[in-house]
Asker: 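One structure, pasted below without further comment.
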Amino acid sequence: MMHFDSIDAYKGKIKKILITEEEIQSAVKKTAEIIDSLYDGTPILLVSILKGAFIYMADVCKNVTVPCEVAFMTAQSYFNDTVSSGKVEITMDIKQNLADYHVVILEDIVDTGRTLSEVVKILKGRNPKSFRVITLLDKPARRVVDFKADVSLFTIPDYFVIGYGLDCGEHFRNLPYVAEYNTEA
Ligand code: IMP
Ligand code: MG
């Protein structure tokens, strides 16, 4: 959690808009078009890992025209600087039997890649009919495990970013754009 003494202190944390609301909304439309053309009428299950991807999920699912269900999960990772892969615990699981579904993970950002690569291993182990990962943002410079999303909408530099679902200390998720976080102010 984070506390701000004034609205100026809060606003001072928003350093620079990296991706505007308009750019994000056109990426949302593009995501839905990619899904529609890949699945061509076949029902799918959209899955996202809370909380970061909740807005992307909401926006994309409104624009998808193939039959779709939505499901959410939460995951807790236990990593440190020396161990680059290992433990991820699913703290809230999806209820669907994945063997019945074509699964599409919608992710907010792939950073080190550790959380998602572990979650993907777990979900693929449940034998879905097919499996793809779509991420809104990709920070390849930060990768510590070999992980590549099937579709990535924006590649960004190694900045800590906030907005459009992404937080710092649980704040800023509601910003309609993606901004660089000011670590100094
Ligand atoms: P990972 O390092 O790829 O395992 O990323 C795990 C999670 O950390 C992501 O799904 C995000 O929720 C969060 N995260 C990574 N980079 C950022 C960032 O720049 N801003 C806010 N959250 C981030
Ligand atoms: Mg995430």
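One-based numbering, in listed order, for ligands and for the atoms of each. These numbers were taken from a predicted model, which means no experiment stands behind them.
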Asker: Using a heavy-atom cut-off of under 4.0 Å, does the side chain or the backbone of Tyr159 touch ligand 1, or both, or neither?
Answerer: backbone
Asker: Should the pair Lys121-Glu118 be classified as a salt bridge under the 4.0 Å nitrogen-to-oxygen rule?
Answerer: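 Yes, Lys121 and Glu118 are salt-bridged.
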Asker: Does ligand 1 have an atom that lies less than 4.0 angstrom from a heavy atom of Asp167?
Answerer: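 Under 4.0 Å: yes for Asp167.
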Asker: Between Asp8 and Lys13, is there a salt bridge with N-O shorter than 4.0 Å?
Answerer: no
Asker: On a heavy-atom basis, I'd like to know which of Asp158, Val88, Asp111, Val145 is closest to atom 5 (O) of ligand 1.
Answerer: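 When every heavy atom of Asp158, Val88, Asp111, Val145 is considered, Asp111 comes closest to atom 5 (O) of ligand 1.
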Asker: Quick check: Leu166 and ligand 1, any N/O pair under 3.5 Å apart?
Answerer: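 The answer is no, given that Leu166 and ligand 1 share no N or O pair closer than 3.5 Å.
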Asker: Within this structure, what is the CG-CD1 distance for the pair Leu18 and Ile156, rounded to the nearest 0.5 Å?
Answerer: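 One finds 6.5 Å between CG of Leu18 and CD1 of Ile156.
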Asker: For Asp158, I'd like to know if atom CG has over 12 heavy atoms of other residues, nucleotides or ligands within 6.0 Å.
Answerer: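 Yes, because the 6.0 Å sphere around CG of Asp158 holds more than 12 heavy atoms from other groups.
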Asker: Using a strict threshold of under 4.0 Å (side-chain N to carboxylate O), is an ion pair present between Asp146 and Arg143?
Answerer: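 The answer is no: the pair does not qualify as a salt bridge.
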Asker: Ring pair (Phe, Tyr, Trp, His ring centres under 6.0 Å): which pairs involve residues 95-116, sequence neighbours left out?
Answerer: none
Asker: I'd like the name of whichever of Ile162, Val110, Ile109 reaches closest to atom 11 (C) of ligand 1 through any heavy atom.
Answerer: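 When every heavy atom of Ile162, Val110, Ile109 is considered, Ile109 comes closest to atom 11 (C) of ligand 1.
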Asker: Show me which atoms of ligand 1 lie under 4.0 Å from any heavy atom of Asp108.
Answerer: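 By the 4.0 Å cutoff, the relevant atoms are 10 (O), 11 (C), 12 (O).
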Asker: According to ring pair (Phe, Tyr, Trp, His ring centres under 6.0 Å), does anything in residues 8-59 pair up with another residue at least two apart or in another chain? List the pairs.
Answerer: Phe4-Tyr10, Tyr10-Phe172
Asker: Of the listed options (Asp138, Thr135, Thr115), which comes nearest to atom 4 (O) of ligand 1 when hydrogens are ignored and any heavy atom counts?
Answerer: Thr115
Asker: Using side-chain contact (heavy atoms from CB on, under 4.5 Å) as the criterion, point out the one residue from Asp138, Leu116, Leu166 that pairs with Ile109.
Answerer: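 The option that passes is Leu166.
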Asker: Which of the listed options, Ala53, Gly113, Ser48, holds the heavy atom that is closest to atom 3 (O) of ligand 1?
Answerer: Gly113
Asker: Which is closest to atom 16 (N) of ligand 1 by heavy-atom distance: Arg173, Glu118, Lys139?
Answerer: Lys139
Asker: Select the closest option to atom 2 (O) of ligand 1 among Ile49, Val144, Thr112, judged by heavy-atom distance.
Answerer: Thr112
Asker: Tell me whether Phe147 reaches ligand 1 (any heavy atom closer than 4.0 angstrom to a ligand atom).
Answerer: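 Outside the 4.0 Å threshold, so no.
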Asker: State if Glu107 counts as touching ligand 1 under the rule of any non-hydrogen atom under 4.0 Å.
Answerer: yes
